[in-house]
Amino acid sequence: MLIKLSSSALKRTRWYEYGVRFLLGGLATVFAGVMGARFGVAVGGLFLALPAIFCASATLIESHERRAKEKAGFSGRRRGQQAAALDAAGAGLGSIGLAAFAAAFYVTVSASIVGAFAIAILVWAMVSVSAWWLRRKLRITSRRTEHGCQGPSASGLA
């Protein structure tokens with residue numbers, strides 16, 4: 001499955017789907033605020049760090065992909081599941097980047113708040129992209145091993 005940026009997805013999304021995303025995201029944020037007020041900011045921050053709209057996004061991605069395949073005359077169930085799984089993998093890897101962001105910010109904030117944000121954003125980007133690259137490399141390597149290929153030339157991939 002190729003990853004690409006497509007503005008056509010904005011046109012395919014129905015107005016109520018945006019409403020679902022904003023509503024669930026807002027409810028998760030309010031819940032984190034309530035938890036923070038009740039148990040302290042450390043606990044509230046943990047709840048805020050949860051992917052607030054991931055569930056809604058995964059559901060919407062699955063339904064969009066399924067509908068697109070069904071419109072073309074195919075069963076889109078598997079494609080929808082694959083697209084949602086890819087989104088989940090990206091969210092997981094982004095969470096690793098978020099942890100790196102928090103650690104970098106914690107270490108550098110005493111010197112400069114603005115500098116800490118700048119460094120933390122760079123660390124987040126590097127860790128997230130590296131994690132995605134590593135995941136992709138490991139998947140390619142495992143596929144070659146499963147199919148009995150010894151190297152790139154054995155499978156015709158360069």
Side-chain angles (χ1 to χ4, degrees), residues 1-10 12-13 16-66 78-147 149-152 155 157-158:
M1 182 179 295
L2 292 175
I3 300 170
K4 61 183 178 180
L5 182 62
S6 172
S7 62
S8 66
L10 296 174
R12 289 192 319 245
T13 304
Y16 65 85
E17 293 173 334
Y18 288 113
V20 168
R21 288 180 182 184
F22 287 118
L23 178 68
L24 291 177
L27 288 173
T29 304
V30 167
F31 178 72
V34 169
M35 295 303 288
R38 175 82 172 112
F39 299 106
V41 293
V43 173
L46 289 174
F47 282 98
L48 193 56
L50 294 173
I53 61 170
F54 172 71
C55 294
S57 294
T59 303
L60 295 173
I61 287 169
E62 188 274 335
S63 68
H64 279 208
E65 291 296 324
R66 184 176 29 81
R78 182 158 165 77
R79 175 67 174 196
Q81 290 172 343
Q82 288 174 336
L86 186 60
D87 189 53
L93 296 174
S95 295
I96 294 169
L98 182 61
F101 175 97
F105 187 84
Y106 178 79
V107 168
T108 58
V109 73
S110 60
S112 164
I113 293 175
V114 174
F117 270 115
I119 290 168
I121 288 170
L122 290 173
V123 167
W124 167 78
M126 290 186 326
V127 168
S128 296
V129 169
S130 297
W132 186 259
W133 178 84
L134 181 62
R135 177 188 178 271
R136 185 169 183 199
K137 277 294 193 195
L138 291 174
R139 287 192 67 207
I140 290 171
T141 303
S142 68
R143 281 187 194 150
R144 287 184 186 153
T145 306
E146 288 172 6
H147 290 66
C149 300
Q150 297 300 319
S155 64
L157 299 173

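Nothing here was measured: the structure is a model prediction, and the numbers come from that model.
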Which residues satisfy the ring-ring contact (aromatic ring centres under 6.0 Å, His included) test with Phe39, sequence neighbours excluded?
->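 Testing Phe39 for ring-ring contact (aromatic ring centres under 6.0 Å, His included), a comparison that skips the adjacent residues, returns none.
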Table please: side-chain donor-acceptor pairs of residues 100-114 below 3.5 Å, with sequence neighbours left out.
| residue | atom | partner | partner atom | Å |
| --- | --- | --- | --- | --- |
| Thr108 | OG1 | Ala104 | O | 2.7 |
| Ser112 | OG | Gly115 | N | 3.0 |

Enumerate, atom names and distances included, each donor-acceptor pair closer than 3.5 Å involving a side-chain atom of residues 120-130, sequence neighbours excluded.
| residue | atom | partner | partner atom | Å |
| --- | --- | --- | --- | --- |
| Trp124 | NE1 | Ser128 | OG | 3.4 |
| Ser128 | OG | Trp124 | O | 2.9 |
| Ser130 | OG | Met126 | O | 2.7 |

Tell me whether the guanidinium CZ or amine NZ of Arg136 lies under 6.0 angstrom from the six-membered ring centre of Trp133 and within 45° of its axis.
->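 Checked: cation-pi criterion not met.
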Quick one: CG on Leu98 to CG on Leu93, what's the gap to the nearest 0.5 Å?
->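 So the CG of Leu98 and the CG of Leu93 are separated by 12.5 Å.
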